[in-house]
Chemist: 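Before we start, here is the structure in question, set down as structure tokens.
Quick caveat: nothing in here was measured; it's all calculated off a predicted structure. Quick note: numbers below take in every heavy atom, side chains included, and nothing from hydrogens, waters or symmetry partners.
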Amino acid sequence: MYKGIYIALSGSVLKQGQLDTLSHNVANASTVGFKKDRSSFREYLISGISGMPDSDEGRTMTDLSEVKTDFAAGNQFRTGNPLDVAISGNGFLCIEGGRYTRKGDLQVARDGHLVTQRGRNVLGEGGPIQLPPGQVEIAPNGEVRVEGTAVGKLKIVDFENTGSLTELEDGEYTAKDAPVPSTASVASGHLEASNVEVVKEMVRMIETMREFEMYQKAIKAFDDAAARVNGEMAKV
């Protein structure tokens, strides 16, 4: 009976984790360049945690084994701001501090450096890019020009295994693996929207919530049954 409670409890915890992931996706549906997460689960025998033989009636528990980021591209939309860039193809902008992002809503800092909305320097192939006053243009190959004069070129890289990337805050990532050259281009005056499909995420949330409630009911049923058994035993 108690094993039944543990099985239902593991399922309930799993669904709670999935709900957290889905909520995170929906909350960032309007965040520029945001990439949705996907969770997966694993099953394992109760014997794996109890030390009992594997022949223990084949009962299994589940838990949230991994959360992966889906790096599929989001739709691009026009802003008209020459400092906005959307990456077309596989690649990431390089930011100081070993960070990478596809969030291309850039700006110019007071000292003239090209920075992210959080004020981190955007790296060019020769280091941070500093802009003199004037009209800025960013070419599809990433070359940054001011009044027609090239002042730097955006450093865009890719990763052979995007699973090595770890999500930080504000659409930024850090990586365990070294980056490789990217063939991606940029579209100036455009941004990349989140790749979250809100309707699909909401449907998944409703389904997951129902499954969570089912596990909660199962836990209560097992608990009520255990209480009745204990009550009857006390009368013997």
Chemist: Answer yes or no: is there a donor N or O on one side and an acceptor on the other, between the side chain of S182 and the main chain of N90, under 3.5 Å?
Modeler: yes
Chemist: Is it true that a side-chain atom of E96 and a backbone atom of N121 form a donor plus acceptor pair closer than 3.5 Å?
Modeler: yes
Chemist: Is the closest side-chain donor-acceptor distance between E137 and S188 under 3.5 Å?
Modeler: no
Chemist: If the threshold is 4.0 Å, N to carboxylate O, is there a salt bridge linking R120 and E172?
Modeler: yes
Chemist: Can you tell whether the side chains of K103 and D105 come within less than 4.0 Å, N to carboxylate O?
Modeler: yes
Chemist: Does atom CG (N75) have a neighbourhood of more than 12 heavy atoms from anything else shown, all under 6.0 Å?
Modeler: no
Chemist: Please indicate whether E169 has more than 12 foreign heavy atoms, meaning atoms of other residues, nucleotides or ligands, lying under 6.0 Å from its CD.
Modeler: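 For E169, atom CD is crowded (more than 12 foreign heavy atoms under 6.0 Å).
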Chemist: Can D224 and R228 be counted as an ion pair, charged N to O under 4.0 angstrom?
Modeler: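 Result for this pair is no, no salt bridge flagged.
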Chemist: Check for me whether the distance between the ring centres of Y173 and F159 falls short of 6.0 Å.
Modeler: no
Chemist: For the side chain of N195 and the backbone of F71, is there at least one donor-acceptor N/O pair under 3.5 Å apart?
Modeler: no
Chemist: With clusters built from Ile, Leu, Val, Met, Phe, Trp and Tyr whose side-chain heavy atoms come within less than 4.5 Å, directly or transitively, what are the remaining members of the cluster of L154, listed by chain and number?
Modeler: L83, V85, I87, L93, L106, V108, L114, V122, I129, L131, V136, I138, V144, V146, V151, I156, V186
Chemist: Before accepting this row, confirm whether a basic side-chain N of the pair K35/E167 lies closer than 4.0 Å to the acidic partner's carboxylate O.
Modeler: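 Salt bridge flag = no for E167 with K35.
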Chemist: Identify the two heavy atoms, one from G91 and one from R102, that lie closest to each other, and give their separation to 0.1 Å.
Modeler: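 Heavy-atom minimum between the residues: O-NH1, 2.9 Å.
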Chemist: Donor-acceptor check, side chain of D158 to backbone of T183, threshold 3.5 angstrom: yes or no?
Modeler: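 Checked: no pair found.
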Chemist: If you group Ile, Leu, Val, Met, Phe, Trp and Tyr whenever their side-chain heavy atoms sit less than 4.5 Å apart, what else falls in with V32?
Modeler: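 Hydrophobic cluster check, V32: joined to F77, L191.
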Chemist: Could you tell me whether the side chain of E147 reaches within less than 4.5 Å of the side chain of P132, counting heavy atoms only?
Modeler: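 No. Closest side-chain heavy atoms not under 4.5 Å.
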Chemist: Does E192 use its side chain to pair, donor to acceptor, with the backbone of A86 at less than 3.5 Å?
Modeler: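 No: the side chain of E192 does not pair with the backbone of A86.
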Chemist: Would you call E201-R38 a salt bridge at under 4.0 Å N-O?
Modeler: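 Judged by the 4.0 Å cut-off on N to carboxylate O distance, E201 and R38 do form a salt bridge.
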Chemist: Taking T166's backbone N and O only, do any of them form a donor-acceptor pair with T174's side chain (distance below 3.5 Å, no angle check)?
Modeler: no
